Amino acid sequence: MALKRTHTIQELNPGMAGHPVVLTGWVNTRRDHGGLIFVDLRDRSGLVQVVFNPEISRPAFELAERIRNEYVIAVAGTVRMRPEGTVNPNLPTGEIEVYASELELLNTAKTPPFYLEDNIQVDEILRLRYRYLDLRRQEMKNNMVLRHRVIKSLRNFLDERGFLEIETPILTKSSPEGARDYLVPSRIHPGEFYALPQSPQIFKQILMVAGIEKYYQVARCFRDEDLRADRQPEFTQLDIEMSFIDEEDIMELTESMLARAFADGIGRQISVPFPRMTYDEAMKFYGTDKPDLRFGLVIQDLTDLLRESEFKVFATAINSGGVVRAINAQGCASMSRKEIDDLVKLAIDLGARGLAWIQVTDEGMKSPIIKFISPEELDGIASRLEAKPGDLLLFCADFEDTVARVLGGIRLELGRRLQLIDEDALSFVWVTDFPLLEWDEEEKRYIAVHHPFTSPQDPEQLEAAPQSAKARAYDLVLNGTEIGGGSIRIHSRTLQDKMFALLGLTAEEVADKFGYMLEAFEYGAPPHGGIAFGLDRLIMLMAKRDSIRDVIAFPKTQSASCPMTHAPSTVREEQLKELNIKTIIK
RNA sequence: GGAGCCGUAGUGUAGAGGUUAACAUGUCGGCCUGUCAAGCCGAAGAUCGCGGGUUCAAGUCCCGUCGGCUCCGCCA
């Protein structure tokens, strides 16, 4: 390579007019006018127009006739102001251009299988198969830059606050509870396996026992579960743990840290402290533990008003221990029958047996169910839902969890359909006071809602009434997406033993799976707690993307495969033999 | 494990039982000295994802299968 780069494209400006430069990069576009050739040259930092004129250099011009999109070139030339009338206001470098005196072809390139532009509509599998081309697109490159800046901001902040970044093992021990593990066979120990970490949870707690006091890690986590737009089998957490702290310390740290990250990442001021809501309030009013507070349509409980209702659907649900709740879809009385039927179908898909509705009109309430509802009940409903002419009231009657899921889903659908969501809003909320345990009907035992190391709010009452015990746990929700969660941990060996017993683990299982942790806790474990953030999700929201795949350089498809490398794949028979593994698939 | 949507030149789409599968863009060739979504002229480019079925006839209808996406279950 004869030509050596002197500047990146971003560094060029009108003040450099007349200066010689050498630029390197890729041919973004080429416009051949016969006697004059324009090439938009792209490097990581930007685009600039290069002009090839045979009167300046015939050899450079003739070579420029043969270059094509995505060829890799080096150009020597002079920065010039563009002639009057040819300024391109759409380009940061639009006032200038580079008059080429020398062109070096560094590499040719096949024509890309899709356009390397923003806002392309192309099959995602093609983008993933040629991810190196996809990442050349400005919007994807911006996402990678954002990701870098945010992670750097988080690291700077935590460093300033006295945190140590410590790495924990990727090859570790499988533990019961939680997600399905990815397993790695051990060659040295035939028949035994490592597990990839679902999170560094136990290691970070042991680092607290080790006296680290303030730990963090940008940690890769692995969970072998089905994928979603916001779930990948491997993902990145910002994992944090602190000793001698309580919930308020974690929340303050989080709020300050995210204020900095949003400022550094996307130049946005966010309002702190974040509002807080209990889990019970979130479930009751929003039907989910990750409420999207960018819009209203709050769910209202009507159970007390309808206990004696003539309408069997309501009365039966209440008498069997359920609830009746409703949403006032304001201004939706004019919805067509088909639109309402779509909502009913959604409700049924979400597990409801039906979705009752009342249209509020100037002439009064209209509904197939109206004849079963007494005037007093109607008044009560109208008053609680603040119903006005033009509103549509949607009712669901069932067990509480079903009603929450159904109306929570209906609420989100209405929010989208009625365009109530401000896409620029950043609506944070802490969700607190989670239940500690939930009953698993299949396994006939309690399972930890958060994880088995979470401290109960009242250890005294844990055994007396485990089902109603609250956890010292907190989730952070942004625009209806859970972006972080954590808890104050159990640091007493005896309490941790009780927890494991409640979860139905035998003493042998506990000793086998968690013995090392319990042993560590006998050597002076400090009170501690922490939080972990889903960095992919956080950055996805900052970048206003709908999928974390757009902020991960090399993500996997919904079937957990990589179209570029074709992982996962079969391996040679000898490899399996060496690992003492035999597959049962043909 | 389940539900829904999608699969047609390189790419994005049209084609809803009947002639030679159409349009845009890209690609290739020619012309062109101020374009920037350059323009003009010309050319090439399709296993209609795959397999089976119905029919005189299937890109089109049916069944299966593979792949992708969204969602439910699952995700301490």
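This one's a predicted model, so the numbers in the text were calculated from it and none came from an experiment. Numbers restart at 1 for each chain; the letters A, B, ... are given by sequence-line order, proteins then strands.
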Problem set entry | Partners passing side chain to side chain donor-acceptor pair (under 3.5 Å) against A:Q201 (at least two apart in sequence or in another chain) | A:Q205, A:H451
Exercise. A:N90 has an atom CG; how far is it from atom C1' of B:A37, in whole Å?
Worked result: 11 Å
Problem set entry | Sugar-phosphate, base or nothing in reach of A:E55, heavy atoms under 4.0 Å | base
For this session: Give A:Q201 one of three labels, base, sugar-phosphate or nothing, depending on what nucleic acid heavy atoms sit under 4.0 Å from its own.
Result: base
For this session: Working to the nearest 0.5 Å, report the span between CZ of A:F554 and CD of A:Q232.
Result: 13.0 Å
Exercise. Does B:A22 pair with anything, Watson-Crick or G-U wobble, both distances under 3.5 Å, and if so, with which nucleotide?
Worked result: B:U13
Exercise. Taking the same atom, P, in B:G12 and in B:G4, what whole-Å distance lies between them?
Worked result: 25 Å
Exercise. Is any side-chain nitrogen or oxygen of A:Q49 closer than 4.0 Å to OP1 or OP2 of B:U35?
Worked result: no
Seminar exercise, completed: Separation of B:A38 atom C1' from A:R31 atom CZ, nearest Å, is 7 Å
For this session: Using Watson-Crick or G-U wobble geometry with both distances below 3.5 Å, tell me the partner of B:U70, or none.
Result: B:A3
Exercise. Stepwise, does the salt bridge (Lys or Arg N to Asp or Glu O under 4.0 Å) test hold for A:D475 with A:K290?
Worked result: CA-CA 8 Å; A:D475 274 2; A:K290 42 179 182 162; over 6 Å; no
For this session: Check the geometry between A:F114 and B:U11 and answer yes if their rings are stacked (centres below 5.5 Å, planes below 30°), otherwise no.
Result: no
Seminar exercise, completed: RNA chain B nearest-nucleotide lookup for A:R228 and A:P200: closer to the 5′ end is A:R228
Exercise. Under 5.5 Å between ring centres and under 30° between planes: does that hold for A:H33 against the base of B:A38?
Worked result: yes
Exercise. In Å and rounded to the nearest 0.5 Å, what is the CD1 to CG distance from A:I490 to A:L495?
Worked result: 4.5 Å
For this session: Name the pairing partner of B:C40, where a pair is Watson-Crick or G-U wobble with both distances under 3.5 Å, or state none.
Result: B:G30
For this session: Name the pairing partner of B:G51, where a pair is Watson-Crick or G-U wobble with both distances under 3.5 Å, or state none.
Result: B:C63
Problem set entry | Pair of N/O donor and acceptor under 3.5 Å linking B:C36 base with A:R82 side chain | yes
Problem set entry | Phosphate contact (B:U35 OP1 or OP2) by A:T86 side-chain N/O below 4.0 Å | no
Seminar exercise, completed: Whole-Å distance, A:R231 CZ to B:C69 C1', equals 15 Å
Mind listing the side-chain donor-acceptor pairs of residues 399-409 of chain A below 3.5 Å, one per line with the distance, residues two or more places apart or on another chain?
| residue | atom | partner | partner atom | Å |
| --- | --- | --- | --- | --- |
| A:E400 | OE2 | A:R325 | NH2 | 2.8 |
| A:R405 | NE | A:L350 | O | 2.9 |
| A:R405 | NH2 | A:L350 | O | 3.3 |

Exercise. Could you state the CD1-C1' distance from A:I56 to B:G34, rounded to the nearest angstrom?
Worked result: 14 Å
For this session: Classify the nucleic acid contact of A:L350 as base, sugar-phosphate or nothing, counting any heavy atom under 4.0 Å across all strands shown.
Result: nothing
